[in-house]
Amino acid sequence: MEQLVSTEWLANELGASDLRVVDASLFLPSDHRNAAAEFEAEHIPGAVFMDLSEIVDSANPLPMMLPGAEKFASRMQSLGLGDGSRIVIYDNSPWKSAPRAWWMLSQVFGAHGVAVLDGGLAKWKAEGRALESGKPTIRHRHFTAWKNDKVVRDKAQMLANIDSKAEQVVDARGAARFTGEEADPRPNVGAGHIPSSFNLPYTQMYTADGTWKRGDALKAAFVEAGIDPAKPLVATCGSGLTAASLVFGAHLLGMEQVALYDGSWSDWGSDPDTPKATGAA
């Protein structure tokens, strides 16, 4: 199974005994939408709902921080995602949240056979494909999780990287947030970006219809932002959500040394002692 699968492929595979379909839609408070309620109203047949807002380190005041391996495994088992499953993740969110679920499953916690549905629920519905409603019946399965810290960066590592420049830091936020022209929506979080970082808004990973850019078009998005696809990369954003789109895009290009700053700007910007840059990259 490829990392990115089409709606046609998924339609042909629905009902396979080892296939698990996951709706990982996540909305921000400003969206005034309820992901769980929208899932119950309509979803791809057989799908389960992964609540990304709950699969976090609840003891950490920062948003979206990774949970421990035991908590993650417990949540996956309760969703019927187990060892040996082929997992296809989709979303219906403007923030493209499926790549965050893909990153946690396949890159951090060791699941194999994990893919993102190209175009998500919007494309599935536009093609008139089957939908169902209600809560699914789930059979718990064993999920073995171990945490791969090699693909996760923390503030200390990001501070060290300012001097070493061993990894390219790429910010997935919009240009106005990156330059500091627009204030951060979170209280007590400064404006601007990590010094020496590049700006590549996560929206640049997608075409106008919400499907992924591929090949030369995808590579051009990175190159035009000043990024060398041959060098190691760390993605960051506001809270670690949209940065996952850059990580997934980098994997589609075959980049191997790719990490994500899990605290992202909510961590960096809230610390008065971290250096902050403004203006263009």
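These numbers come from a predicted model, not from an experiment.
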Residues 217-236 side chain polar contacts: donor-acceptor under 3.5 Å, at least two apart:
| residue | atom | partner | partner atom | Å |
| --- | --- | --- | --- | --- |
| D228 | OD1 | A230 | N | 2.9 |
| T236 | OG1 | S264 | OG | 3.3 |

Looking at [Y], is its backbone amide N or carbonyl O close enough to the side chain of [X] to form a donor-acceptor pair, meaning the two atoms are under 3.5 Å apart?
X	Y	value
S239	P63	no
Y202	C237	no
D262	L66	yes
Q157	D154	yes
R100	M64	yes
R20	S17	yes
D57	G68	no
K155	G263	no
Q3	L252	no

- Checking R173 against W265: charged group under 6.0 Å from the ring centre and within 45 degrees of the axis? yes
- Hey, mind stepping through F49 and E40 against side chain to side chain contact (heavy atoms under 4.5 Å, CB included) and telling me if it holds? CA-CA 9 Å; F49 177 64; E40 286 194 40; over 6 Å; no
Hydrophobic clustering (ILVMFWY, side-chain heavy atoms < 4.5 Å, transitive) - are [Y] and [X] grouped together?
X	Y	value
L19	M76	no
V114	V22	yes
F178	I194	no
V151	L260	yes
L28	M65	no

- Task: Over 60° means perpendicular and under 30° means parallel, so classify the ring planes of W268 and Y261, tilted if in between.
- Result: perpendicular
- Message: Run the side chain to side chain contact (heavy atoms under 4.5 Å, CB included) test on Q77 and L81 for me, step by step, so that the C-alpha distance in whole Å, both residues' side-chain angles and the decisive distance to 0.1 Å come before the verdict.
- Response: CA-CA 5 Å; Q77 288 172 180; L81 307 182; over 6 Å; no
Judged by modelled atom types alone, do [X] and [Y] share a side-chain donor-acceptor pair under 3.5 Å?
X	Y	answer
T7	E127	yes
Y206	S245	yes
H142	T144	yes
E8	S6	no
K276	T274	yes

Looking only at heavy atoms, what is the nearest atom pair of [X] and [Y], with distance?
X	Y	answer
G215	L253	O-CD2, 3.9 Å
P67	F109	O-CZ, 3.3 Å
P195	I162	CD-CD1, 4.1 Å
H193	G279	CE1-O, 3.0 Å
S25	A35	O-CB, 3.4 Å
V108	V152	CG2-CG2, 4.3 Å

Taking NZ, NE, NH1 and NH2 as the nitrogens, is one of them in [X] or [Y] under 4.0 Å from a carboxylate oxygen of the other?
X	Y	answer
R186	D184	yes
D267	R153	no
R141	D83	no

Any side-chain heavy atom of [X] within less than 4.5 Å of one from [Y]?
X	Y	value
K96	T203	no
P99	V247	no
F198	D171	no
E132	P45	yes
V116	V5	no
I44	V88	no
N92	E38	yes
R86	H112	no

Is it true that, when you exclude [X] itself, more than 12 heavy atoms of the residues, nucleotides or ligands shown sit nearer than 6.0 Å to its [atom1]?
X	atom1	value
Q257	CD	no
D209	CG	yes
D216	CG	no

Can you tell me how far [atom2] of [Y] sits from [atom1] of [X], rounded to the nearest 0.5 angstrom?
X	Y	atom1	atom2	answer
R75	M50	CZ	CE	11.5 Å
S97	D91	OG	CG	4.0 Å
L105	I87	CG	CD1	5.0 Å
L200	T242	CG	OG1	10.5 Å
Q168	S197	CD	OG	11.5 Å
T211	K123	OG1	NZ	7.0 Å

- Task: Decide side chain to side chain contact (heavy atoms under 4.5 Å, CB included) for H43 and Y90; before the verdict, give the C-alpha distance in whole Å, the side-chain angles of both, and the deciding distance to 0.1 Å.
- Result: CA-CA 10 Å; H43 53 261; Y90 72 88; 3.3 Å; yes
- Check step by step if side chain to side chain contact (heavy atoms under 4.5 Å, CB included) holds for N188 and S270. CA-CA 6 Å; N188 303 314; S270 62; 5.9 Å; no
- Is the ring centre of W95 less than 6.0 Å from the ring centre of F27? no
- Ring centres of F248 and W102 under 6.0 Å apart? yes
